[in-house]
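Worksheet for the structure shown next.
Predicted model, so just to flag it, every value in this text is computed and none were measured. Position 1 is the first residue of the sequence, and the numbers go up from there.
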Amino acid sequence: MGEGGYAEYTSTRAGAAIKIPAALPPRVGVAAFLQGLTALTLVREAHPVKKGDWVLVHAAAGGTGLWLCQLLRALGAHAIGTASTPEKVEAARKAGAEHVVNYSHEDVKTKVLELTGGAGCIAVFDGVGKSTFDLSLECVARKGSLVSFGNASGAVPPVAIARLSAKNCRLLRPTLFNYLTTREELEHYAKELFHFVIDENFDVRIHEVYPLSEVARAHQDLEGRKTSGKLLLDPSK
């Protein structure tokens, strides 16, 4: 994993490089890496998910959300996703969410408590941030984990730590690269990620491969919300 992708060649430390398996097309390996590793470390490290766990995933049709849904299904957990449109609800369900709440007209907390028999979810993965934090805290189960890993709606304001005592719950704000600081960690999770993609047939969404010469169009598509999945650049064109 290096920096400076808008180029024909880029350099990176040998310790940060991973060989893509021959069974995987390079573009699929590249598209899977960042969000796939983020989701994988969340369910392995931030809150080790077990079979039968009830887990809430905000923005379940987003990039990391879709990865989380696939992983939770593979691990045998009960995934509850949230989404805002019928199309996104269907995408999350197809990816593996057992239940999806359309928050544009359904109450997320009510549905979560109904599905979990009033207990709430043992883990809440929240990549939205400011606008969903309080809801996440209301939906987490006693002795559960609220994992806040993104700021799509803005940063979460300062939190009074005493709020966690009502349920003896945990609050984490992890970042991917603090789970991959050693070569062993990087190799371990890269190998497991490739296993899910190759052997478990995980869906790696690639919106389009843009010629590097058309990088401006890629940005315009992103800004215009015309994309779904990863955007890749082909430096040979």
Side-chain angles (χ1 to χ4, degrees), residues 1-22 24-42 57-70 81-92 94-95 103-104 125-132 148-156 173-180 186 189-190 193-194 196-198 202-237:
M1 289 185 288
E3 298 179 357
Y6 289 16
E8 292 182 63
Y9 300 96
T10 185
S11 64
T12 189
R13 295 180 298 106
I18 288 291
K19 184 177 181 180
I20 297 174
L24 200 62
R27 64 178 57 182
V28 175
V30 170
F33 218 59
L34 188 62
Q35 289 176 332
L37 287 176
T38 297
L40 185 55
T41 54
L42 288 176
V57 179
H58 286 295
T64 304
L66 290 171
W67 275 99
L68 283 168
C69 290
Q70 292 185 89
T82 70
S84 60
T85 67
E87 294 78 17
K88 291 181 177 180
V89 166
E90 182 57 30
K94 184 178 179 181
Y103 61 81
S104 65
F125 293 113
D126 187 346
V128 177
K130 182 179 179 180
S131 68
T132 53
S148 179
F149 67 93
N151 299 324
S153 67
V156 176
R173 182 53 174 92
T175 60
L176 170 61
F177 295 106
N178 279 333
Y179 289 132
L180 305 177
L186 177 59
Y189 282 116
L193 176 66
F194 291 146
F196 279 117
V197 176
I198 296 170
F202 272 30
D203 180 32
V204 181
R205 290 192 171 196
I206 299 175
H207 173 73
E208 185 177 340
V209 180
Y210 296 78
L212 181 59
S213 59
E214 297 182 23
V215 64
R217 181 167 66 85
H219 278 274
Q220 290 165 0
D221 289 349
L222 275 173
E223 293 165 9
R225 297 187 177 185
K226 299 177 182 178
T227 69
S228 175
K230 276 294 181 183
L231 282 64
L232 302 182
L233 298 177
D234 184 347
S236 69
K237 299 179 181 178

(message) Checking F33 against L193 for the side chain to side chain contact (heavy atoms under 4.5 Å, CB included) test, could you report, in this order, the C-alpha distance in whole Å, the side-chain angles of both residues, the deciding distance, and whether it holds?
(response) CA-CA 8 Å; F33 218 59; L193 176 66; 4.1 Å; yes
(message) As a quick check of understanding, evaluate side chain to side chain contact (heavy atoms under 4.5 Å, CB included) for F149 and T64, giving each step before the final call.
(response) CA-CA 10 Å; F149 67 93; T64 304; 3.8 Å; yes
(request) Check the pair L222, H207 against side chain to side chain contact (heavy atoms under 4.5 Å, CB included), reporting the backbone distance first and the verdict last. (result) CA-CA 10 Å; L222 275 173; H207 173 73; over 6 Å; no
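Between F202 and W67, the ring planes are tilted. Angles from 30° to 60° get that label.
Within the model, atoms CZ of R27 and NZ of K230 stand 15.5 Å from one another, a figure rounded to the nearest 0.5 Å. Atom CG of L186 sits about 15.5 Å away from atom OH of Y179, to the nearest 0.5 Å. Rounded to the nearest 0.5 angstrom, T38 OG1 and L176 CG are separated by 4.0 Å. Here the CG atom belonging to L66 is positioned 8.5 Å from the CD atom belonging to Q35, to the nearest 0.5 angstrom. Interatomic distance, R217 CZ to E208 CD, rounded to the nearest 0.5 Å: 4.5 Å. Taken to the nearest 0.5 Å, the NZ atom of K88 stands 6.0 Å off from the OH atom of Y103.
Of the listed residues (L42, L180, I18), just one forms a side chain to side chain contact (heavy atoms under 4.5 Å, CB included) with L37, and that residue is L180.
The minimum heavy-atom distance linking A59 with T82 is given by the pair N-OG1, 3.1 Å. The minimum heavy-atom distance between R205 and A91, with the atom names listed, is NH2-CB, 3.9 Å. Taking all atoms of both residues into account, the shortest heavy-atom contact from G129 to S153 is C-OG, 3.6 Å. Closest of all the heavy-atom pairs between P26 and I20 is O-CD1, 3.6 Å. Residue P235 comes nearest to A7 through the heavy atom pair CB-O, 3.6 Å, listed as atom of the first residue, atom of the second, then distance. When all heavy atoms are compared, the tightest approach of S148 to R173 is O-CD, 2.5 Å.
In this structure, I198 and P21 have side chains that are in contact, with non-hydrogen atoms separated by less than 4.5 Å.
Between the S84 side chain and the S104 main chain, no donor and acceptor come within less than 3.5 Å of each other.
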